[in-house]
Peer 1: 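One structure coming up, written as structure tokens, with questions to follow.
The figures that follow rest on heavy atoms only: side chains count, while hydrogens, waters and symmetry mates do not. Quick note: residue numbers are just sequence positions, from 1.
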Amino acid sequence: MTNSARFDRGHTDDLMSFLAASPSPYHAVANAAARLAAAGFRQVAETDAWDGGHGGKYVLRGGALIAWYVPEGAEPATPFRILGAHTDSPNLRVKPLPDTGAHGWRQVAVEIYGGALLNTWLDRDLGLSGRVTLRDGSHRLVNIDRALLRVPQLAIHLDRSVNTDGLKLDKQRHMTPIWGLGEVNEGDLIAFVEQEAQLPAGEIRGWDLMVHSIEPPAYLGRDRELLAGPRMDNLLSVHAGTAALIAAAESGELTTIPVLAAFDHEENGSQSDTGADGPLLGSVLERSVFARGGAYEDRARAFAGTLCLSSDTGHAVHPNYGERHEPGHHPVPNGGPILKVNVNQRYATDGDGRAVFAAACERAEVPWQSFVSNNAMPCGTTIGPITAARHGITTVDVGVAILSMHSARELCGAEDPYLLANALTAFLEG
């Protein structure tokens with residue numbers, strides 16, 4: 001655990017590598033799992049019987065990961081300290097019949113995933129990534145990280161009013177990427193993916209593929225005090241949570257069981273077998289209790305003492321749209337992590353949660369800020385209220401303030417990921 005808020009650029013450098021290597025939720029959990037395995041955690045299968053011994057364990061399911069560390073001497077009723085995050089980001093995802101085109105152009109049919117800022121996907125060099133399912137039911141990760149696709153914008157000469165009336169995009173007609181010229185042939189895209197993945201023809205039977213910007217993360221600004229990159233919402237929190245869990249496991253002074261819960265499908269409501277509104281987290285926590293010899297009473301006691309920090313990105317004050325923000329709450333980059341509050345329970349934070357987060361930041365010597373929405377603007381939400389309601393767990397919503405949320409490329413302060421990781425570590429160790 002770091003006891004100083006002094007900026008370590010090495011953490012942000014590592015985040016940049018993590019973002020670049022994680023173009024899909026499946027890659028994100030694979031990379032997080034590799035870091036956990038290197039720290040001594042071991043993967044357990046949901047279909048196997050679990051032991052109750054101490055040490056680090058993790059479960060992978062699709063684009064979700066649940067990891068936890070049982071310290072020596074932990075009892076069945078020992079409470080958990082949970083870091084919640086999500087692995088998915090808004091983007092364009094490949095349809096079941098992907099081969100399409102018009103007027104001599106070969107295109108890829110895509111569906112809009114989540115609340116993407118559509119214009120940010122225009123005129124951008126795009127790769128293709130995700131997971132394919134093979135004949136035997138196994139999976140293979142795919143990452144074609146080169147300029148393969150592009151969604152071309154209409155020239156201003158053919159849309160003279162675009163700068164006065166605004167850009168209007170039809171999700172069905174205007175967002176289909178091009179990837180070549182010629183006749184459209186059914187099966188071409190998947191055959192190409194098989195070649196790129198060095199698989200035999202006809203081996204792929206299913207796919208969960210999506211496009212991603214191939215532009216790498218980069219420091220920005222005169223003094224490089226800002227960080228620009230893809231998928232910060234919310235791989236920034238997944239990366240920080242993974243680092244915090246490893247640091248907590250190595251501390252040797254735990255009185256609770258630290259957990260990292262990285263869910264998929266937050267951007268479209270969390271209702272899936274790998275989403276926060278599914279049974280995955282509750283099942284893992286309960287099995288951990290039962291594996292240590294506990295019964296339902298121990299499970300109830302453990303959950304009653306459990307705390308969760310739901311970490312997701314929030315809005316930094318925008319210099320060009322200051323009127324859209326709450327006048328008294330203007331989170332700024334490099335001002336430290338934000339505490340997110342909404343009395344209508346779009347965020348789960350209450351006064352007790354504020355005290356928990358403030359104490360963690362104080363222990364870590366990390367500054368922090370408050371975020372609340374302008375009353376005239378609708379407020380987004382997170383996995384926080386879902387976790388609180390589904391499991392009866394006290395939950396606090398926190399995160400890092402960013403600009404360009406849901407863009408193909410987002411922006412944050414270069415120091416904030418490090419400050420968040422320190423605060424999360426202090427919470428887990430607390």
Peer 1: Parallel, tilted or perpendicular, judged at 30° and 60°: which one describes the rings of H325 and H330?
Peer 2: perpendicular
Peer 1: Please give me the minimum heavy-atom distance between L92 and M175, naming the atom from each residue.
Peer 2: CD1-O, 4.2 Å
Peer 1: Show, in sequence, the C-alpha distance, side-chain angles and deciding distance for H139 and V132, and conclude whether the side-chain contact (heavy atoms from CB on, under 4.5 Å) test is met.
Peer 2: CA-CA 6 Å; H139 298 113; V132 295; over 6 Å; no
Peer 1: For the residue pair D397 and T382, confirm or rule out a side-chain donor-acceptor distance under 3.5 Å.
Peer 2: yes
Peer 1: Check whether any side-chain N or O of D125 sits under 3.5 Å from a backbone N or O of E215 as a donor-acceptor pair, and report yes or no.
Peer 2: no
Peer 1: For residues H315 and P331, report the shortest heavy-atom separation together with the two atoms involved.
Peer 2: O-CG, 3.8 Å
Peer 1: Determine, step by step, whether S161 and D159 satisfy the side-chain contact (heavy atoms from CB on, under 4.5 Å) criterion, reporting the C-alpha distance in whole Å, the side-chain angles of both residues, the deciding distance to 0.1 Å, and the verdict.
Peer 2: CA-CA 6 Å; S161 64; D159 187 9; 3.7 Å; yes
Peer 1: Side-chain donor-acceptor pair under 3.5 Å between H86 and D312, yes or no?
Peer 2: yes
Peer 1: Between R150 and L126, is there a side-chain heavy-atom distance shorter than 4.5 Å?
Peer 2: no
Peer 1: Let me confirm one number: the CZ-CZ distance from F263 to R61, rounded to the nearest 0.5 Å.
Peer 2: 10.5 Å
Peer 1: Please assess L285 against V259 for the test side-chain contact (heavy atoms from CB on, under 4.5 Å), listing each intermediate value before the final yes or no.
Peer 2: CA-CA 9 Å; L285 298 183; V259 179; 4.1 Å; yes
Peer 1: Testing the basics here: between N374 and R324, what is the closest heavy-atom pair and its distance to 0.1 Å?
Peer 2: CB-O, 3.5 Å
Peer 1: Above 12 or not: heavy atoms from other molecules or residues under 6.0 Å from CD of E196?
Peer 2: yes
Peer 1: Determine whether more than 12 heavy atoms belonging to other residues, nucleotides or ligands lie under 6.0 Å from atom CG of N375.
Peer 2: no
Peer 1: Centre of Y219's six-membered ring, under 6.0 Å away, within 45 degrees of the axis: is that where NZ or CZ of R9 sits?
Peer 2: yes
Peer 1: Report yes if some heavy atom in the side chain of T306 is under 4.5 Å from a heavy atom in the side chain of R81; otherwise report no.
Peer 2: no
Peer 1: Looking only at heavy atoms, which two atoms of A67 and L36 are closest? And how far apart?
Peer 2: CB-CD1, 3.6 Å
Peer 1: For the backbone of L19 and the side chain of R231, can you confirm whether one donor and one acceptor N or O come within less than 3.5 Å of each other?
Peer 2: yes
Peer 1: Kindly compute the distance separating CG (L226) from CD (E415), expressed to the nearest 0.5 Å.
Peer 2: 10.0 Å
Peer 1: Measure the shortest side-chain to side-chain distance between K168 and H174 over non-hydrogen atoms and say whether it is less than 4.5 angstrom.
Peer 2: no
Peer 1: Could you check whether the rings of F357 and W368 sit parallel, tilted or perpendicular, using 30° and 60° as the cut-offs?
Peer 2: perpendicular
Peer 1: Hey, could you give me the CG/CZ distance between D48 and R287, rounded to the nearest 0.5 Å?
Peer 2: 8.0 Å
Peer 1: Could you measure the distance from the OG atom of S407 to the CD1 atom of I402? Nearest 0.5 Å is fine.
Peer 2: 9.0 Å
Peer 1: Got L83 and L245 here, is their nearest side-chain heavy-atom distance under 4.5 Å?
Peer 2: no
Peer 1: Quick one: does any side-chain atom of E253 pair with a main-chain N or O of S251 as donor and acceptor, under 3.5 Å?
Peer 2: no
Peer 1: Within this structure, what is the CD1-CD1 distance for the pair I144 and I214, rounded to the nearest 0.5 Å?
Peer 2: 12.0 Å
Peer 1: Is the charged tip of R301 near the ring of F303: under 6.0 Å from the six-membered ring centre and within 45° of its axis?
Peer 2: no
Peer 1: Do the side chain of E225 and the main chain of G221 share a donor and acceptor less than 3.5 angstrom apart?
Peer 2: no
Peer 1: So, the side chain of N268 versus the backbone of G114: is there a donor-acceptor pair under 3.5 Å, distance only?
Peer 2: no
Peer 1: Can a donor-acceptor pair be found, under 3.5 Å and without considering hydrogens, that links the side chain of S237 to the backbone of S311?
Peer 2: yes
Peer 1: From the options W68, Y58, F290, select the one residue that forms a ring-ring contact (aromatic ring centres under 6.0 Å, His included) with W50.
Peer 2: W68
Peer 1: Do N143 and H27 have a side chain donor and acceptor closer than 3.5 Å?
Peer 2: no
Peer 1: Within a strict 4.5 Å, meaning less than it, do heavy atoms of the F80 and S288 side chains meet?
Peer 2: yes
Peer 1: Inspect the contact between E111 and R93 and indicate whether a charged nitrogen and a carboxylate oxygen are less than 4.0 angstrom apart.
Peer 2: no
Peer 1: What heavy-atom pair brings V29 and G63 nearest, and what distance separates the two atoms?
Peer 2: CG1-O, 3.3 Å
Peer 1: Tell me whether the count of non-hydrogen atoms from other residues, nucleotides or ligands lying under 6.0 Å of CZ in R354 goes above 12.
Peer 2: no
Peer 1: Any side-chain to backbone donor/acceptor pair from T78 onto T256? Under 3.5 Å, distance only.
Peer 2: no
Peer 1: For residues Y113 and D88, is any side-chain donor paired with an opposing acceptor at under 3.5 Å?
Peer 2: yes
Peer 1: Looking at S310 and V396, would you say the former's side chain and the latter's main chain have a donor-acceptor pair under 3.5 Å?
Peer 2: no
Peer 1: Considering only NZ, NE, NH1 and NH2 on the basic side and carboxylate oxygens on the acidic side, decide whether R292 and E75 come within less than 4.0 Å.
Peer 2: no
Peer 1: Would you kindly say whether D277 and Q271 are connected by a side-chain donor-acceptor distance under 3.5 Å?
Peer 2: yes
Peer 1: Mind listing the closest non-hydrogen atom pair of L65 and A32 along with its distance?
Peer 2: CD1-CB, 4.3 Å
Peer 1: Enter the distance from S373:OG to N342:CG here, rounded to the nearest 0.5 Å.
Peer 2: 6.5 Å
Peer 1: Using ring centroids (six-membered ring only for Trp), state whether F371 and H329 fall under 6.0 Å.
Peer 2: no
Peer 1: Check whether any side-chain N or O of D350 sits under 3.5 Å from a backbone N or O of D352 as a donor-acceptor pair, and report yes or no.
Peer 2: yes
Peer 1: Under a 4.0 Å N-O cut-off, is there an ion pair linking R160 with D165?
Peer 2: no
Peer 1: Using side-chain heavy atoms (C-beta onward) and a distance below 4.5 Å, is M210 in contact with V94?
Peer 2: no
Peer 1: Report yes if the side chains of S270 and H265 come closer than 4.5 Å at any heavy-atom pair, otherwise no.
Peer 2: no
Peer 1: Begin with the C-alpha distance, continue with both residues' side-chain angles, and end with the deciding distance and a verdict on side-chain contact (heavy atoms from CB on, under 4.5 Å) for L128 and V142.
Peer 2: CA-CA 8 Å; L128 189 68; V142 172; 5.8 Å; no
Peer 1: Will you find, in the side chains of T425 and N422, an N or O donor that is under 3.5 Å from an N or O acceptor?
Peer 2: no
Peer 1: Is any side-chain heavy atom of N234 closer than 4.5 Å to a side-chain heavy atom of E266?
Peer 2: no
Peer 1: Quick check: does any side chain N or O of R140 sit under 3.5 Å from a backbone N or O of A197, one acting as donor and the other as acceptor?
Peer 2: yes
Peer 1: Does one side chain, of S129 or H212, offer a donor that lies under 3.5 Å from an acceptor on the other?
Peer 2: yes
